[in-house]
Amino acid sequence: MAKAINAGLRAAMDDDPAVLLLGEDIGALGGVFRVTDGLLKDFGDGRVIDTPLAESAIIGAAIGLAMRGYRPVCEIQFDGFVFPAFDQITTQLAKFRNRSSGQVSAPLVIRIPYGGGIGAVEHHSESPEVYFAHTPGLRVVTPATPPDAFLMIQQAIASPDPVIFLEPKRRYWEKSEVDLAVRPATGEWELHESRIVRPGRDVTLVAYGPLVRTALDAAATAAAERASDGTAGADIEVVDLRTLAPLDLEPVLASVARTGRLVVAHEAPVAHGLGAEIASQVQEACFHQLEAPVVRVGGWATPYPASRVEHSYLPDAERILDAVDRVLSY
Amino acid sequence: MDEFFDGPLEPDGADDMIRLLSVDGERHTDGEYAAQVSHVTGEVLLARYRDLVMCRRFDDEATALQRQGELGLWASMKGQEAAQIGSGRALLPQDYVFPTYREHAVAWTRGVDPAQILALYRGVDLGGWVPAEHNFALYTLVIGAQTLHATGYAMGVQRDGAVATGDAERDTAVVAYFGDGATSQGDVNEALIFATAFNTPLVFFCQNNQWAISVPASRQSRIPLYRRAAGFGLPGVRVDGNDVLAVEAVSRIALERARGGGGPTLIEAYTYRMAAHTTSDDTTRYRENAEEQLWAARDPILRLRRHLLSIDAADETWLATITAEAADLGADVRRRCLSLTDPEPMSMFDHVYGEPHPPLQRERAAFAAYLAGEADPPLAAARLTGTRA
């Protein structure tokens with residue numbers, strides 16, 4: 001996936017000379033995850049800018065560059081390091097278009113590797129998506145697969161609005177075929193479309209980013225259970241949300257209308273998480289279709305734990321299947 | 001106070017400040033700084049005086065409008081007119097300004113309609129003017145945030161090849177305005193670091209008006225603010241902010257340096273906030289009347305008036321015509337302020353995004369239906385029809 005994002009950045013930079021990159025260690029090093037590998041060499045330090053170590057300045061300066069007509073793509077090195085830039089993102093970036101009555105826009109893309117599962121030290125495994133999804137004026141998306149990563153980074157750069165682009169870092173090494181000819185205008189999917197990635201009859205399971213893989217694994221496990229012992233393993237329909245703000249819940253609502261049951265999974269803490277928003281909208285829209293309460297699976301209401309116990313914090317296929325069993329028990 | 005602290009303003013030159021006009025109105029005409037404003041004589045000099053008086057009158061009118069309930073708030077720049085006019089009149093059309101929320105006289109020099117500034121403080125708009133028409137960004141209320149935008153904008157100017165070309169109509173400088181309180185903000189320090197790291201065409205213009213609401217500048221820094229520049233690796237200069245000529249001279253040097261590729265400069269314009277922080281503030285709780293009286297005597301307008309009268313550049317008749325013109329401005333601003341109508345509630349939904357955003361569009365439609373008195377509450381249930389049997 002890291003290489004897919006790299007290819008997407010390269011395509012966007014080839015297509016539009018206004019696109020430039022800012023971040024820490026994105027030049028000679030190619031970023032700590034090598035997402036910008038080789039771009040300095042090919043585009044020069046006028047467009048691949050290794051900045052001093054200051055996140056608020058990366059975003060603030062990118063806003064100024066955008067006002068001058070550039071299309072900055074900022075890399076925040078790790079999820080836990082975005083907070084020094086939180087003011088610039090929420091009080092400045094998100095509001096420019098609105099407070100200027102449309103006269104000023106700042107079409108930044110802010111790339112943030114996020115989520116846990118890589119055995120990292122503190123502040124390197126966070127899931128900060130809701131802070132941004134809760135801020136009007138921002139768009140928040142997260143790809144789950146290499147082809148989506150390639151397409152969505154280009155779509156994000158083409159967007160006239162600021163986009164928080166969350167990259168599921170434990171999936172950086174995931175491999176699949178990517179059609180490098182795909183461009184935003186010809187993409188099969190829009191940036192803000194959710195999609196059903198596995199059809200099923202019994203339960204709707206919504207996930208995004210790093211947990212899409214986990215959700216598919218859980219669905220496969222349930223399907224295998226059914227096949228091996230002949231009893232009723234759940235037939236799980238998996239939705240890859242892809243877009244967190246705006247939410248595209250139409251596929252979710254249509255799915256729940258069929259299954260009557262919903263589980264939402266994310267790495268971020270369940271409390272005040274995106275699952276709460278989804279559950280609320282689903283109960284409002286599908287009140288008569290629901291056969292069971294909506295159940296959420298996610299991180300605990302604790303700080304992200306030390307890495308040796310992170311697998312007790314992160315939702316895995318087993319915890320997701322436990323939730324599936326619970327919604328099926330009604 | 002310790003050894004690093006300047007005492008009250010000393011006579012010319014003894015206080016580490018560049019000054020071309022003494023408090024009693026005597027003009028210095030020798031040296032590098034004086035040469036920068038050698039053209040500011042005759043009609044040009046009178047125009048500077050007119051600027052100061054007009055902006056003071058606008059500011060006073062705005063304060064009165066707030067007292068009468070026509071503005072929600074007003075942040076007065078009274079006492080800072082010379083710092084703002086001096087720097088503003090040093091700008092070229094292609095230069096770009098990033099103001100705080102108190103740069104009313106700089107706005108004047110950029111041709112922003114004063115009534116548009118009132119829209120923000122009246123609560124009928126979040127912005128007020130079109131930045132691209134004036135190369136004057138919208139006001140920024142989060143302290144220091146705009147200095148980073150200025151830095152990035154200046155990086156863009158560099159990438160556009162609009163620095164050090166020698167073309168006087170192309171080479172561009174950017175100015176970041178901020179105050180003494182802002183110098184404690186991380187963003188301002190980061191802006192200084194980025195600006196020097198990339199050698200941006202940027203002037204950091206700090207108006208040290210000595211008070212960050214109730215906190216004196218001594219709480220922000222143990223050394224004069226301009227001396228912080230050395231630590232960041234850029235030139236720092238302190239100018240008497242109540243001397244319109246000295247401010248213009250220093251600004252011209254810094255701006256030309258920026259346009260020519262010489263990089264950023266920090267200017268500390270030492271001035272005084274003669275009014276309260278805003279109309280919601282109460283200075284009697286934290287500063288002495290004697291201090292206010294001291295600075296009233298150093299009023300930048302009085303200083304220039306003394307000079308004009310002393311050299312017979314103006315007489316009382318001319319001064320009276322300017323006062324009358326300012327009164328007309330006040331009346332005009334008042335009339336147009338009162339004509340600023342409240343925005344339509346539905347306008348809240350405008351310009352949040354550049355592309356369609358379905359959840360917001362649904363909220364908008366639901367609220368429109370509510371305002372229209374339509375019966376059904378805006379339940380998302382309307383999105384699905386039929387029930388599960």
Side-chain angles (χ1 to χ4, degrees), chain A residues 20 22 46-47 49 51-52 54-70 72 84 87-88 91-92 95-107 136-137 139 159-161 192 245-250 253-254 257-258 260 281 284-291, chain B residues 96 98 120 125-133 137-138 140-142 144-160 174 186-187 189-191 193-198 200 347-348 350-361 379-384 386-388:
Chain A
L20 45 79
L22 295 94
R47 295 183 69 191
I49 306 169
T51 67
E55 287 79 10
S56 187
I58 292 171
I59 305 304
I63 291 170
L65 278 158
M67 288 177 172
R68 184 75 187 181
Y70 287 88
D87 171 62
Q88 284 288 343
T91 77
Q92 304 296 307
K95 293 172 184 273
F96 267 113
R97 180 181 294 277
N98 182 249
R99 65 193 297 265
S100 69
S101 300
Q103 297 293 335
V104 180
S105 64
R139 295 174 180 272
S159 171
D161 295 312
H192 296 290
L247 280 170
D248 173 25
L249 290 188
E250 300 306 323
L253 300 181
R258 292 192 302 272
Q281 290 201 38
E284 194 176 310
C286 302
F287 188 70
H288 297 291
Q289 290 89 356
L290 279 169
E291 301 285 354
Chain B
Y96 206 100
F98 287 83
L120 170 70
D125 204 318
L126 295 170
W129 53 91
V130 179
E133 290 178 359
L138 295 181
T140 298
L141 281 81
V142 175
Q146 76 284 357
T147 59
L148 286 173
H149 309 159
T151 303
Y153 192 92
M155 291 168 70
V157 168
Q158 288 175 304
R159 279 159 181 75
D160 289 345
V174 182
D187 276 3
N189 287 270
E190 291 184 18
I193 289 165
F194 268 52
T196 49
F198 297 114
T200 53
S347 70
M348 286 187 287
D350 295 340
H351 305 299
V352 182
Y353 295 93
E355 281 190 338
H357 187 286
L360 182 63
Q361 289 167 310
L379 270 181
R383 292 155 65 186
L384 283 183
T387 57
R388 190 179 166 86

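What you are looking at is a predicted structure, and each value in this text was computed from that prediction instead of being measured. Every chain is numbered from 1, with letters handed out A, B, ... down the list of sequences.
Proximity to chain B is limited to the side chain of Asp87(A), based on heavy atoms less than 4.5 angstrom apart. The contact between Val157(B) and chain A is made by backbone and side chain atoms together, counting heavy-atom distances below 4.5 Å. Proximity to chain A is limited to the side chain of Asp125(B), based on heavy atoms less than 4.5 angstrom apart. For chain B, no part of Phe287(A) is nearby; none of its heavy atoms comes within less than 4.5 Å. With a 4.5 Å cut-off on non-hydrogen atoms, Thr91(A) touches chain B through its side chain but not through its backbone. Of the two parts of Ala145(B), the backbone and the side chain both hold a non-hydrogen atom closer than 4.5 Å to a non-hydrogen atom of chain A. Heavy atoms closer than 4.5 Å to chain A are found nowhere in Tyr96(B), neither backbone nor side chain. For Ile49(A), the part sitting under 4.5 Å from any heavy atom of chain B is the side chain, from C-beta outward, and nothing else.
Comparing Ala106(A), Ser105(A), Ala66(A), Ser101(A) by heavy-atom pairs within less than 4.5 Å of chain B, the highest count is held by Ser101(A). Interface summary for chain B: among Ser100(A), Gly46(A), Pro107(A), the most heavy-atom pairs under 4.5 angstrom belong to Gly46(A). Interface check for chain B: of the options Arg139(A), Arg47(A), Lys95(A), Met67(A), the most heavy-atom pairs under 4.5 Å are formed by Arg139(A). With chain B as the partner, the residue from Pro52(A), Ala245(A), Ala54(A), Pro136(A) showing the most heavy-atom pairs under 4.5 Å is Pro52(A). Ranking His192(A), Gln103(A), Gln88(A) against chain B, the residue ahead of the rest is Gln88(A), based on heavy-atom pairs under 4.5 Å.
To the nearest 0.5 Å, atoms CD (Gln92(A)) and CD1 (Ile59(A)) are separated by 12.0 Å. Between Ile63(A) atom CD1 and Phe98(B) atom CZ the span is 10.0 Å, to the nearest 0.5 Å. Note that the CG atom of Leu138(B) and the CH2 atom of Trp129(B) stand 6.0 Å from one another [nearest 0.5 Å]. Within the model, atoms CD of Gln158(B) and CG of Leu65(A) stand 9.5 Å from one another, a figure rounded to the nearest 0.5 Å. In this structure, Phe194(B) CZ and Thr151(B) OG1 are separated by 8.5 Å, a value rounded to the nearest 0.5 Å.
The main-chain N or O of Gly64(A) is never found under 3.5 Å from a side-chain atom of Arg68(A) such that the two would form a donor-acceptor pair. Glu190(B) contributes a side-chain N or O that, together with a main-chain N or O of Ala57(A), makes up a donor-acceptor pair within less than 3.5 Å.
No hydrogens or angles considered: a donor-acceptor pair under 3.5 Å links the side chains of Asp187(B) and Ser56(A).
The ring of His351(B) has its center no closer than 6.0 angstrom to the ring center of Phe96(A).
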